[in-house]
**Q** 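Here you go, one structure.
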Amino acid sequence: MRDQGGGTRAFWEPGPRLAGAARAVLNLLLPPVTHSGEPAGSAGLDVGAFNRITFLEAPVCDGCGVGIAAEPGPLLGSLGGERCPACVAQPFAFARARAACVYDEASRDAILQLKHADQQVFAPLFARWIARAATDLLDEADAIAPVPLHPFRLLSRRANQAAEIARPLARLAGRAYLPDALQRTRATDSQGGKSARGRRLNVRRAFHVTTAGTQQVRGRRILLVDDVLTTGATAEACTAALLAAGARAVDLAVVARVRTARTLPM
């Protein structure tokens with residue numbers, strides 16, 4: 001079968017009209033639902049769940065993304081941009097950070113649905129949230145890289161949630177997407193339940209930039225993407241590997257950050 005450009009289309013490939021009709025029939029038989037189980041015009045968050053999300057609006061700390069109103073006495077850091085006292089006293093390894101929302105009971109379920117339940121519908125939604133929260137970082141980024149999973153963890157989850165978010169984000173921003181430049185070369189324990197020091201030790205030297213990745217990151221400003229910022233240990237370990245490979249700078253963008261990211265037990 002020949003298409004309008006004279007090429008050959010495989011006989012099993014549906015045309016756009018047929019594909020659209022098939023999707024319409026499927027949606028009629030099996031309507032998309034929100035994570036709360038309510039039918040929706042398109043899968044995602046229902047209105048009630050969306051309204052419970054605490055989105056982080058400017059002004060935020062340039063270093064960690066926390067809302068300035070949540071931290072008393074914001075200061076102007078030497079790196080430029082308003083910074084909370086914790087980031088002035090002890091900056092992260094990454095240059096700047098933005099988070100779309102607070103990680104709490106309202107946002108946790110949707111994030112975990114993507115992370116552990118393979119609900120890929122949330123990935124483009126989160127990408128849009130980050131695109132809004134990190135507009136300034138995206139404007140200056142040369143490329144976008146996700147925090148990688150170890151191959152064993154990837155097999156069990158079937159997808160890397162950071163990569164599923166970073167891919168549509170790169171497409172939205174028109175930036176290069178580097179899915180394989182950064183690799184996790186050491187299987188690590190879960191970060192859950194660990195102190196800030198325990199988290200840092202757990203991911204120490206766990207990440208490596210490949211030979212091909214070195215060519216992709218050298219001299220470029222990289223936007224690192226993950227789902228949640230807790231203590232920043234994982235992002236800092238990734239940042240160290242990217243900077244060692246020649247990246248000019250590394251910024252961080254996440255879907256959500258915990259309120260107590262800088263105050264967890266050391």
**Q** List the atom of A141, the atom of R175, and the distance in Å for their closest heavy-atom pair.
**A**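 Heavy atoms of A141 and R175 come nearest at O-NE, 2.7 Å.
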**Q** Would you mind checking if R98 and D136 are paired as a salt bridge, meaning a charged N to carboxylate O distance below 4.0 Å?
**A**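 Looking at D136 and R98, the cut-off is met.
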**Q** Which distance, rounded to the nearest 0.5 Å, do you find between the CG of L56 and the CZ of R259?
**A**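 Output value for this atom pair is 8.0 Å.
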**Q** Any heavy-atom pair between the side chains of L114 and F126 that's under 4.5 Å?
**A**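 Yes; the side chains approach each other to less than 4.5 Å.
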**Q** Tell me the closest heavy-atom pair linking P179 and P146, and the distance in Å.
**A**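 In this case the closest contact between P179 and P146 is CA-CD, 4.1 Å.
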**Q** Is there side-chain contact between I53 and D104, with at least one heavy-atom pair below 4.5 Å?
**A**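 Sidechains of D104 and I53: no contact.
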**Q** Please report, to 0.1 Å, the donor-acceptor pairs under 3.5 Å made by any side chain of residues 206-219, with sequence neighbours excluded.
**A**
| residue | atom | partner | partner atom | Å |
| --- | --- | --- | --- | --- |
| T210 | OG1 | G213 | N | 2.8 |
| T214 | OG1 | T210 | O | 3.0 |

**Q** Answer yes or no: does atom CZ of R132 have more than 12 heavy-atom neighbours from other residues, nucleotides or ligands under 6.0 Å?
**A**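 No, CZ of R132 has 12 or fewer neighbouring heavy atoms, counting only those of other groups under 6.0 Å.
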**Q** Calculate, to the nearest 0.5 Å, the distance between atoms CZ and CZ belonging to F55 and F50 respectively.
**A**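 CZ of F50 is found 4.0 Å from CZ of F55.
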**Q** Let me know which of I222, L224, L223 forms a side-chain contact (heavy atoms from CB on, under 4.5 Å) with L252.
**A**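 Among I222, L224, L223, the one meeting side-chain contact (heavy atoms from CB on, under 4.5 Å) with L252 is L224.
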**Q** Using a 4.5 Å cut-off on heavy atoms from C-beta on, say whether the side chain of V47 contacts that of N51.
**A**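 Yes, at least one pair of side-chain atoms sits under 4.5 Å.
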**Q** How about V254 and I130: do any of their side-chain heavy atoms sit closer than 4.5 Å?
**A**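 No; the side chains remain at least 4.5 Å from each other.
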**Q** Which of these, D227, V147, L149, sits in a side-chain contact (heavy atoms from CB on, under 4.5 Å) with N160?
**A**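 Passing option: L149.
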**Q** Looking only at heavy atoms, what is the nearest atom pair of S107 and A256, with distance?
**A**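 Nearest heavy atoms, S107 then A256: OG-CB, 4.5 Å.
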**Q** Just wondering, do L169 and V225 contact through their side chains at under 4.5 Å, heavy atoms?
**A**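 Side chain of V225 against side chain of L169, heavy atoms only: contact under 4.5 Å found.
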**Q** Flag the pair V250 / R220 as yes when at least one side-chain heavy-atom distance between them is below 4.5 Å, and no otherwise.
**A**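 No, their side chains stay 4.5 Å or more apart.
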**Q** With a 4.0 Å cut-off on N to O distance, would you call R96 and E140 a salt bridge?
**A**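 Looking at E140 together with R96, the answer is yes, because their closest N to O distance falls below 4.0 Å.
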**Q** Once you round to the nearest 0.5 Å, how far does CG of D226 lie from CZ of R257?
**A**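 Spacing of CG (D226) from CZ (R257) equals 13.5 Å.
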**Q** Can you measure from SG (C101) to CD (E57) and round to the nearest 0.5 angstrom?
**A**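 So the SG of C101 and the CD of E57 are separated by 11.0 Å.
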**Q** Regarding R221 and D142, does a basic nitrogen lie under 4.0 Å from an acidic carboxylate oxygen?
**A**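 Answer for the salt bridge query: no.
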